[in-house]
Enquirer: 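This is the structure, below, for whatever I ask next.
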Amino acid sequence: MTRITQPTAPCHVPAEAEEDILLGVDTHKDVHAAAVITTLGAVLDGRGFPATAEGYRQLLSRARSFGMLQRAGVECTGSYGAALTRHLRAEGIEVTEVNQPDKAARRRHGKTDAVDAEAAARAVLSGRATAAAKTSDGPVEMLRLFKLAKGSAINPGPRPSTSSRAFWFAPMPNFASPWQG
């Protein structure tokens with residue numbers, strides 16, 4: 001009997017060069033999960049990239065190999081996604097802040113980084129996510145950092161909070177590199 005085998009990794013099926021595509025990213029401290037979809041909602045690719053300057057270049061290059069990238073949905077643009085957001089904006093891509101999927105959707109579709117990345121892209125496509133990503137500069141960011149420092153000084157715990165860890169390690173990927181394994 002003849003067997004039909006399925007490829008273990010998704011094959012690269014580029015969209016037409018002029019076709020618009022969307023990028024969705026679920027951000028984390030070490031690795032960002034990214035998904036590329038068409039404007040019709042078809043998933044073209046999904047994979048992880050290191051949360052470093054080189055990883056951002058790889059992510060962008062891979063996404064652009066599928067078509068014309070003009071919009072991206074990124075989770076946590078004020079913490080772990082801050083450096084990626086700056087990189088995408090510097091490349092002329094409109095970045096939209098995407099909230100994490102609601103709990104009911106997570107239960108229905110499962111909770112994985114790939115699912116969250118795809119959901120981020122779909123949130124931008126559907127118009128559910130419309131907020132411009134945080135710029136991580138200006139007076140609002142300065143006040144946020146003062147508040148973070150004040151909170152850490154008033155309530156110093158045995159471990160730094162998630163927000164302070166995200167502040168120190170995520171916004172500057174080159175700064176974090178010496179501590180990454």
Side-chain angles (χ1 to χ4, degrees), residues 7-136 162-163 165-166 169-173 176:
T8 56
C11 58
H12 185 266
V13 182
E16 293 183 28
E18 298 301 317
E19 184 175 4
D20 282 343
I21 57 168
L22 288 102
L23 173 67
V25 184
D26 182 26
T27 60
H28 297 280
K29 179 182 172 191
D30 298 320
V31 176
H32 296 330
V36 179
I37 66 171
T38 66
T39 54
L40 297 176
V43 178
L44 298 175
D45 193 29
R47 62 183 59 213
F49 294 90
T52 62
E54 179 59 29
Y56 302 153
R57 285 189 287 276
Q58 292 171 1
L59 186 155
L60 193 54
S61 174
R62 178 72 178 175
R64 283 182 168 159
S65 72
F66 290 96
M68 183 75 95
L69 178 62
Q70 296 177 340
R71 296 185 297 163
V74 179
E75 287 186 7
C76 304
T77 60
S79 57
Y80 289 136
L84 174 62
T85 299
R86 280 194 300 273
H87 181 79
L88 293 174
R89 280 195 170 144
E91 293 290 327
I93 296 167
E94 176 188 335
V95 182
T96 303
E97 168 76 26
V98 177
N99 294 327
Q100 294 178 343
D102 63 2
K103 293 184 189 234
R106 285 178 151 186
R107 280 192 297 275
R108 280 194 306 273
H109 301 293
K111 167 57 181 116
T112 66
D113 295 340
V115 168
D116 285 352
E118 183 181 333
R122 291 186 187 284
V124 174
L125 177 62
S126 69
R128 185 174 54 86
T130 58
K134 295 171 184 73
T135 59
S136 298
T162 302
S163 60
R165 279 196 308 268
F169 292 109
M172 296 175 263

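Position 1 is the first residue of the sequence; numbering continues from there. The model shown is predicted, which means the values in this text are computed figures rather than measured ones.
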Enquirer: With heavy-atom distances below 4.5 Å as the criterion, would you say the side chains of L84 and T77 are in contact?
Expert: no

Enquirer: How long is the span from the CD atom in E94 to the CG atom in L22, to the nearest 0.5 Å?
Expert: 9.5 Å

Enquirer: Closest heavy-atom contact between A119 and R128?
Expert: O-NH2, 4.0 Å

Enquirer: Assess the side chains of D30 and H28: does a donor N or O sit below 3.5 Å from an acceptor N or O?
Expert: no

Enquirer: Take the angle between the ring planes of Y56 and H32 and call it parallel below 30°, perpendicular above 60°, tilted in between.
Expert: parallel

Enquirer: If you define the side chain from C-beta out and look only at heavy atoms, does anything of L60 sit under 4.5 Å from I93?
Expert: yes

Enquirer: Distance check, rounded to the nearest 0.5 Å: R71 atom CZ versus I21 atom CD1?
Expert: 11.5 Å

Enquirer: Would a 4.5 Å heavy-atom cut-off, applied to side chains only, mark F66 and D45 as touching?
Expert: yes

Enquirer: Just do the salt bridge (Lys or Arg N to Asp or Glu O under 4.0 Å) check on E91 and R64 with the steps written out, would you?
Expert: CA-CA 11 Å; E91 293 290 327; R64 283 182 168 159; 3.3 Å; yes

Enquirer: Taking all atoms of both residues into account, what is the closest heavy-atom pair of A35 and A121, and its distance?
Expert: O-CB, 4.4 Å

Enquirer: Which atoms form the tightest heavy-atom contact between A63 and L23, and what is the distance?
Expert: CB-CD1, 4.3 Å

Enquirer: So which atom in A72 and which in L88 form the shortest heavy-atom distance, rounded to 0.1 Å?
Expert: CB-CD1, 4.1 Å

Enquirer: So how far is it from R62 CZ to L69 CG, rounded to the nearest 0.5 Å?
Expert: 13.5 Å

Enquirer: Whether the side chain of R47 engages the backbone of A33 through a donor-acceptor N/O pair (distance < 3.5 Å, no angle test) should be reported.
Expert: no

Enquirer: Is Q58 close to P50 at the side-chain level, that is, under 4.5 Å between some pair of heavy atoms?
Expert: yes

Enquirer: Are E75 and E97 packed together at the side-chain level, in the sense that at least one heavy-atom pair is separated by less than 4.5 angstrom?
Expert: no

Enquirer: Please check if the side chain of S61 supplies one atom and the backbone of R57 the other of a donor-acceptor pair under 3.5 Å.
Expert: no

Enquirer: In this structure, which one of T38, I37, V36 forms a side chain to side chain contact (heavy atoms under 4.5 Å, CB included) with V43?
Expert: I37

